[in-house]
Number of protein chains: 2
Amino acid sequence: MDDLKFTSKNCDDCPIRHRAVCARCEPGELTLLEEMKYYRSYEAGQPVVWAGDHMDFVASVVAGIATLTQTLEDGRTQMVGLLLPSDFVGRPGRTVAAYDVTAVTNLTLCCFRRKPFESMMDETPRIGQRLLEMTLDELDAAREWMLVLGRKTAREKIASLLAIIARREASLHLTRPSNGSSFELPLTRESMADYLGLTLETVSRQISALKREGIIQLEGKRKIIIPDFDRLQVETGDDTDGGFLA
Amino acid sequence: MDDLKFTSKNCDDCPIRHRAVCARCEPGELTLLEEMKYYRSYEAGQPVVWAGDHMDFVASVVAGIATLTQTLEDGRTQMVGLLLPSDFVGRPGRTVAAYDVTAVTNLTLCCFRRKPFESMMDETPRIGQRLLEMTLDELDAAREWMLVLGRKTAREKIASLLAIIARREASLHLTRPSNGSSFELPLTRESMADYLGLTLETVSRQISALKREGIIQLEGKRKIIIPDFDRLQVETGDDTDGGFLA
DNA sequence: TTTTTGCCTTGACGCAGATCAAGTGAGGTC
DNA sequence: GACCTCACTTGATCTGCGTCAAGGCAAAAA
């Protein structure tokens, strides 16, 4: 775990920046939240909760990456969400986890007990509004992923995933994805397969193919370099007019 | 179109029951909403909006069925949502439609101009709360569908769709899905294929197979009878312990 | 009545991706 | 140094579903 220092008593210099409850808040507005929050850490690979477990807290991701997955009885697994720092876990008004949550890397959560969080929400409409915004964004992401899962080829799926990670990586540095950008893959081949609705062998083969054709470069097994982002973008099968939503 | 009579001036006897804004509201609380609402009708097959269009209203479905779809440039189509009466269309804070919305049957929407709706939301936290709940439900549905799209076989996909429709149908009559229940399919084979990430031929073949094996019965092409709901449930591949979320 | 149109079914065939299986290579432990 | 394990790669084969093509049937149009 990183050496995060959790000393702040108000949101402005809170290092956590759990988007739902801290970003943009009025100074002093969230004193109660500050008082009821606490932290939990998980090792890479550890489960956070299992679907069906009782869950008496909601949380936001402080550091690390977690996944939301669903599993059929025969073991088939589908990842339904990827949780990055500032993402929200759990759902007000529900006491039972709907999905398996697993730490992919070492993970720190900033937790709030459910009950006080819910009454806080009642008193501070701002929190509910932020949560609504975030949930709508997640819904859009889920729907975009439905298109990927339902209609794209294995190759397009891989390209889509890489493009999404590259874009997200770039947005951390407040830039557009550019040529020559590189990043460390946070997921194993198997996790990628679970996200894309493929097998790990197919993931491996398609990554090899993209590499062979020079669309991506590999350093080791996990570091990806994208020499020409537009070329990768073409492989996703998406509209090329760069049409981001206004 | 049905002969709905839109005469009511408050929510209690409003025949519309747009869940987001009317259900459970305090009498008189939503007078402003009542004043700013208006209705639009669409014929079966008509587009409501195209992705990318400017959209100056939000709405809820009064009668009929609509679909949300996404399309790749080469024409591959994926349905990402099915809108039934009381479902909400559009999104506060966004002026551009993210998906194609199409009327499947004849359709009536109850619309609110965006601006007044948004200020109404600011003044009436209850509306935001309802919208958050609904959005979270939609998110769960989208994620459940990701599992269907990513990991289920064609046969399981069809069974899942039929089970969902049967359940929804039953809930309209406030019962659990029972043996011998029947319903009219609201979708063509092609729309089902778009929803399930299949081709219409595969949909047709799998429906024929389920019929041949007596798991479903057909009357005409659209009327489905389910002699034994548990047998259908088995075909979905889902957990059998009937585990609904608490 | 015949023709057209929209929606659906069924068959034959091919291929993308799953499955099964063997092998590689880096890091860790003894 | 020898051995193990874990993540990944690659090959051979199989198969579920897509693709292409030819009807069928009922309602609407002519």
Side-chain angles (χ1 to χ4, degrees), chain A residues 43-46 67 72 74-78 102 104-105 148-162 184-213 216-224 235 237, chain B residues 43-46 67 72 74-78 102 104-105 148-162 184-213 216-224 235 237:
Chain A
E43 306 269 300
Q46 258 190 327
T67 58
L72 295 172
D74 61 7
R76 280 175 288 173
T77 293
Q78 177 65 50
T102 313
V104 175
T105 62
V148 172
L149 290 172
R151 292 301 185 192
K152 289 195 178 180
T153 65
R155 183 187 178 91
E156 290 169 336
K157 285 178 175 180
I158 298 286
S160 300
L161 179 59
L162 294 179
E184 202 74 16
L185 271 179
L187 303 173
T188 65
R189 300 289 186 265
E190 188 177 21
S191 304
M192 287 192 255
D194 285 342
Y195 202 16
L196 297 166
L198 298 170
T199 60
L200 68 92
E201 293 96 329
T202 299
V203 170
S204 180
R205 274 189 254 270
Q206 296 297 335
I207 288 179
S208 299
L210 291 174
K211 178 184 163 197
R212 208 177 311 122
E213 296 169 33
I216 61 173
Q217 289 160 22
L218 283 185
E219 246 180 62
K221 315 244 168 208
R222 293 292 193 91
K223 179 127 183 243
I224 303 276
E235 297 298 330
Chain B
E43 306 270 298
Q46 258 192 329
T67 58
L72 295 171
D74 61 8
R76 282 176 286 174
T77 293
Q78 177 64 52
T102 313
V104 175
T105 62
V148 173
L149 290 172
R151 292 300 185 194
K152 290 195 178 179
T153 64
R155 183 187 176 92
E156 289 169 338
K157 286 177 176 181
I158 297 286
S160 299
L161 179 59
L162 294 180
E184 201 74 17
L185 272 180
L187 303 172
T188 64
R189 300 290 187 262
E190 187 177 22
S191 303
M192 288 192 253
D194 285 341
Y195 202 16
L196 297 166
L198 298 170
T199 59
L200 70 92
E201 293 95 329
T202 299
V203 170
S204 179
R205 274 188 255 269
Q206 296 298 336
I207 288 180
S208 298
L210 290 175
K211 178 184 162 195
R212 207 176 312 122
E213 296 170 34
I216 61 173
Q217 290 160 19
L218 283 185
E219 246 180 64
K221 316 243 167 207
R222 293 290 193 92
K223 179 124 184 244
I224 304 276
E235 298 297 331

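Every chain is numbered from 1 and lettered A, B, ... according to where its sequence line falls, protein lines coming before strand lines.
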Listed once per pair and sorted, the side-chain hydrogen bond (donor to acceptor under 3.5 Å, both in side chains) pairs that draw on residues 202-212 of chain B, sequence neighbours left out
B:Thr199-B:Thr202
Side-chain (A:Gln217) to main-chain (A:Ile224) donor-acceptor, under 3.5 angstrom:
no
Contact residues, residues 187-194 of chain A to DNA chain D [heavy atom, < 4.0 Å]
A:Thr188, A:Arg189
Taking side-chain contact (heavy atoms from CB on, under 4.5 Å) as the definition, give me every residue that meets it alongside B:Thr102, ordered by chain and number, with sequence neighbours left out.
B:Thr67
List in chain and number order the residues that pass side chain to side chain donor-acceptor pair (under 3.5 Å) with A:Glu219, two or more places apart in sequence or in another chain; answer none if no residue qualifies.
none
How long is the gap from OG1 on B:Thr188 to CG on B:Asp194, to the nearest 0.5 Å?
7.5 Å
Set of salt bridge (Lys or Arg N to Asp or Glu O under 4.0 Å) partners for B:Glu156, sequence neighbours left out
A:Arg76
In 5'-to-3' order, the base (B), backbone-only (S) or no-contact (-) status of each nucleotide in nucleotides 10-19 of chain C, using a 4.0 angstrom heavy-atom cut-off, is BBB----SSB
Do other residues, nucleotides or ligands put more than 12 heavy atoms under 6.0 Å from the CD atom of A:Glu201?
yes
Polar atom pairs between nucleotides 22-29 of chain C and protein, under 3.5 Å, N or O only, would you list them?
none

Reckon A:Arg222 touches a base, only the sugar-phosphate, or nothing at all at heavy-atom distances under 4.0 Å?
sugar-phosphate
Any sub-3.5 Å donor-acceptor pair from A:Arg155's side-chain atoms to A:Ile207's backbone N or O?
no
Which residues share a salt bridge (Lys or Arg N to Asp or Glu O under 4.0 Å) with A:Arg189, sequence neighbours left out:
none
For A:Leu196 and A:Lys157, the nearest pair of non-hydrogen atoms, with its separation, is O-NZ, 3.0 Å
